[in-house]
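Every chain is numbered from 1 and lettered A, B, ... according to where its sequence line falls, protein lines coming before strand lines. Quantities reported herein were computed from a predicted structural model and do not represent experimental measurements.
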Amino acid sequence: MARILITSALPYINGIKHLGNLIGSQLPSDVYARYMRAIGNEVMFICATDEHGTPAELAAAKAGKDVAEYCREMHAVQQDLANGFRLSFDHYGRSSSPQNRKLTQYFAGRLADNGLIEEVSEKQVYSHADGRFLPDRYIEGTCPNCGYDRARGDQCENCTKQLDPTDLINPRSAISGSTDLEVRETKHLYLRQSKMRDELDEWINSKTDWPILTTSIAKKWLHDGDGLKDRGITRDLSWGVPVKRGEADWPGMEGKVFYVWFDAPIEYIAATAEWAEAHGLDDEAWQRWWRTDKGADDVKYVQFMGKDNVPFHTLSFPATIMGSRDPWKLVDYIKSFNYLNYDGGQFSTSQGRGVFMDQALDILPSDYWRWWLLSHVPESSDSEFTWENFQQGVNKDLADVLGNFVSRVTKFCRSKFGEVVPEGGAYGEAEIAVIKAIEERVASYQANMEAIEIRKSTADLRAIWVLGNEYLQEAAPWSKFKEDPEAAAAIVRFALNLIRLYAVLSEPFIPDAAQTMTSAMNAEGAQWPTDISAALESLPAGHPFSVPDVMFAKITDEQRDEMQAKFAGKSKAAELAQS
RNA sequence: GGGCCUGUAGCUCAACUGGUUAGAGCAGAGCGCUCAUAACGCUUUGGUUGGGGGUUCGAGUCCCUCCGGGCCUACCA
């Protein structure tokens with residue numbers, strides 16, 4: 001039995017995430033976690049809300065709430081949605097936890113001890129009206145290059161020129177619109193990543209089996225221009241982890257907090273500590289996942305994330321871990337994803353374009369979304385959600401291929417033999433052929449899951465379902481029943497056992513439907529098959545079962561059109577008028 | 001501007017380090033079955049692998065160039 005540590009990139013606290021966010025990390029990591037548990041490994045599956053930073057403060061202010069209160073509420077909302085999508089986190093933590101505060105301060109202290117922290121005095125824009133320093137992108141003004149009057153302090157969206165906030169003509173706060181701005185001197189801590197460039201480079205180069213998407217982004221940052229740059233890890237904000245050097249105060253850094261991208265990855269560790277606390281366990285319980293000197297040397301650690309998160313996970317966080325010179329567990333494999341687009345464009349929170357997690361669950365059960373999203377997960381390039389594809393995929397795969405198979409087998413049995421596994425006859429050549437075909441497909445399925453090739457795994461799983469329909473067509477128990485009821489009984493017994501097998505094999509992708517099948521087959525506790533032939537003898541003659549309700553109702557054309565209209569977002573005219 | 005990714009049948013995608021007539025699923029067409037959510041099965045039509053050039057005995061795969069799509073470019077997270 002192996003031990004697998006799995007983390008999914010932390011969703012930001014600011015609002016409800018859309019399906020693009022969901023499929024970009026949480027959903028594939030959940031499938032992987034469920035699969036690894038199913039085949040008998042010990043799994044620690046961690047996620048958390050990323051709660052610090054300027055956007056959280058602003059969102060709270062907009063909602064008229066204290067930021068801590070706002071985060072508490074939004075965490076509960078996101079936790080609830082995670083449950084709704086059946087995300088099987090062992091712990092869904094919060095980056096604002098006491099554990100994370102302590103660990104973040106600890107890491108900063110270690111890095112400082114090892115000469116990897118530098119104090120840098122720099123100039124930042126302060127807004128009197130807002131009472132805060134403004135991050136570059138929260139300053140707007142006229143672009144000195146093209147004259148666009150809504151250029152941001154980091155880059156002009158119109159001419160794409162990169163800017164410094166001080167370059168802007170007539171700068172104003174993007175929050176309040178105030179022009180009462182002042183450039184102030186302020187001191188910040190920088191993580192001296194540049195000192196660790198060679199070490200990081202060597203480490204990345206050793207990861208030859210990682211997705212190109214992952215390594216190419218890392219290498220770009222390592223080698224672009226002057227190479228890896230040092231990075232500011234503190235901010236002038238009130239909401240965040242207060243800057244401390246371990247347990248000690250950090251002279252000159254009073255009133256400052258760590259930058260979210262410093263504390264967020266550390267929350268992976270802290271959330272595991274939160275898990276231990278929540279279960280009444282001691283420190284050893286979480287340290288055996290994270291400290292190679294305390295049992296984590298045999299742990300395989302896999303991270304999931306969207307491509308926008310790759311630099312932080314390939315460089316900043318490893319620099320933090322390595323730079324501590326403590327025996328913390330480093331990631332073994334980084335699975336990164338491209339983006340999911342929505343119907344010809346991007347998902348857009350601000351424009352209300354696309355489907356958000358709460359809305360999705362209002363419309364259809366989570367398995368519908370899980371299946372379609374996972375079978376279209378953007379592994380090799382950006383992929384696209386369209387209502388037509390969604391309807392076709394769900395109806396064909398889930399309703400017709402799998403749902404209808406369960407339906408036809410159970411109903412046929414009930415009408416001819418009653419709701420018990422029928423007795424008589426024996427498996428013959430046809431069944432042996434099916435077993436062989438399933439064995440081959442399961443081997444492929446497992447190999448693809450092992451390699452985290454999600455799309456290919458869905459194709460294997462679907463092919464396994466199809467084998468059931470092919471078998472039934474060939475065996476035709478409805479005609480056999482007339483002249484040889486015992487032969488028909490053996491066929492039906494085999495088919496009922498297929499349903500039980502499908503429940504187990506499908507669980508990582510569609511856990512609710514899997515549970516429905518398991519319950520209907522009265523087969524609680526069914527284990528992952530190591531021997532397909534034996535697994536298909538699990539339900540003996542006389543074993544009672546029940547006919548489940550229709551597992552997947554089809555999405556009608558009317559429903560599809562309705563949803564498409566509802567989620568189109570603001571009209572094109574409205575968008576144009578706005579810009 | 002620079003870097004990276006990507007372009008394969010109407011749609012969504014495969015094709016290990018270049019190696020036989022480029023494969024699946026969906027959609028379309030035909031046939032079969034009737035247990036089932038008019039579901040299922042079988043057969044079948046679709047491709048000068050974005051265009052052009054080159055290397056090679058051999059190119060979807062390598063090189064050059066052009067065209068299209070996307071991402072990143074370090075203070076949003």
Side-chain angles (χ1 to χ4, degrees), chain A residues 9-14 50-56 58 122 124-125 133-139 152-155 160-162 164-165 174 188 193 211-213 215-217 219-221 223-225 228-232 235 259-261 264 306-312 315-316 338-339 341 346 372 375-376 378-384 386 388-389 392-393 395-416 453 455-456 458-459 462-463 466 468-481 488 491-492 495 549-554:
Chain A
L10 309 190
Y12 196 62
I13 193 71
N14 175 16
D50 176 15
E51 307 193 355
H52 296 135
T54 308
L58 297 179
E122 57 189 16
Q124 290 267 308
V125 175
F133 281 94
L134 298 175
D136 291 357
R137 69 159 39 202
Y138 283 99
I139 302 159
R152 294 190 321 209
D154 56 343
Q155 184 176 37
T160 73
K161 185 178 172 61
Q162 285 179 58
D164 221 24
H188 282 297
Q193 301 181 133
I212 290 174
L213 184 63
T215 50
S216 66
I217 292 173
K219 287 177 181 172
K220 169 71 191 316
W221 282 50
H223 300 293
D224 194 37
L228 189 61
K229 298 173 192 167
D230 293 342
R231 195 175 182 99
R235 293 290 183 274
Y259 173 45
V260 284
W261 264 116
K307 57 185 168 189
D308 51 334
N309 277 339
V310 168
F312 304 101
L315 303 167
S316 314
N338 288 284
Y339 293 144
N341 289 317
Q346 295 197 332
W372 191 88
S375 58
H376 292 78
E379 283 180 310
S380 55
S381 62
D382 290 355
S383 66
E384 175 154 319
T386 68
E388 201 179 339
N389 278 341
Q392 277 183 357
N395 284 356
K396 192 70 193 174
D397 299 347
L398 296 183
D400 295 346
V401 175
L402 177 62
N404 182 56
F405 176 77
V406 172
S407 189
R408 65 194 296 206
V409 170
T410 54
K411 286 179 180 169
F412 179 76
C413 185
R414 180 172 62 185
S415 74
K416 304 300 184 202
E453 292 278 356
R455 273 188 193 235
K456 289 178 183 175
T458 63
R462 184 187 191 283
V466 167
N469 283 312
E470 288 174 1
Y471 166 73
L472 271 194
Q473 183 65 29
E474 183 64 27
W478 47 88
S479 15
K480 284 263 177 31
F481 184 76
I491 294 166
V492 170
D549 293 335
V550 166
M551 290 204 303
F552 300 102
K554 291 199 191 186

So what's the dot-bracket for RNA chain B: Watson-Crick or G-U pairs under 3.5 Å, [ ] if a pair crosses, | if it pairs off-strand? (((((((..((((.....[...)))).(((((.......))))).....(((((..]....))))))))))))....

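Shown here are the side-chain hydrogen bond (donor to acceptor under 3.5 Å, both in side chains) partners of D397(A), two or more places apart in sequence or in another chain: W371(A), R462(A). Residues passing the side-chain hydrogen bond (donor to acceptor under 3.5 Å, both in side chains) test with K480(A): none are found, sequence neighbours excluded. For N389(A), the side-chain hydrogen bond (donor to acceptor under 3.5 Å, both in side chains) partners are T386(A), not counting sequence neighbours. Take N469(A) and apply the side-chain hydrogen bond (donor to acceptor under 3.5 Å, both in side chains) test, not counting sequence neighbours, and it matches R408(A).
When the side-chain nitrogen and oxygen atoms of Y339(A) are compared with OP1 and OP2 of C72(B), one or more of them lie within a distance under 4.0 Å. At least one side-chain nitrogen or oxygen of K554(A) sits closer than 4.0 Å to the OP1 or OP2 atom of A39(B).
Looking only at distances, no side-chain donor or acceptor of S375(A) sits under 3.5 Å from a matching main-chain atom of T458(A). T410(A) places a side-chain N or O within donor-acceptor distance of the main-chain N or O of V406(A), the cut-off being under 3.5 Å. With hydrogens and angles disregarded, a donor-acceptor distance shorter than 3.5 Å links the side chain of Y12(A) to the backbone of A56(A).
The P atoms of C13(B) and G7(B) are separated by 10 Å, rounded to the nearest whole Å. Between C11(B) and G28(B), the two C1' atoms lie 12 Å apart (nearest whole Å).
Here G32(B) is in the anti range [glycosidic angle more than 90° from 0].
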Contact list (N/O, under 3.5 angstrom) for nucleotides 26-31 of chain B vs protein:
residue: C26(B); atom: O2'; partner: Q392(A); partner atom: OE1; Å: 3.1

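Atom CD of E122(A) sits in a crowded spot, with more than 12 heavy atoms from other residues, nucleotides or ligands closer than 6.0 Å.
Side-chain atoms of E474(A) stay outside donor-acceptor range of the base of C40(B), with no qualifying N/O pair under 3.5 Å. Side-chain N/O atoms of N404(A) and base N/O atoms of A36(B) include a donor-acceptor pair closer than 3.5 Å.
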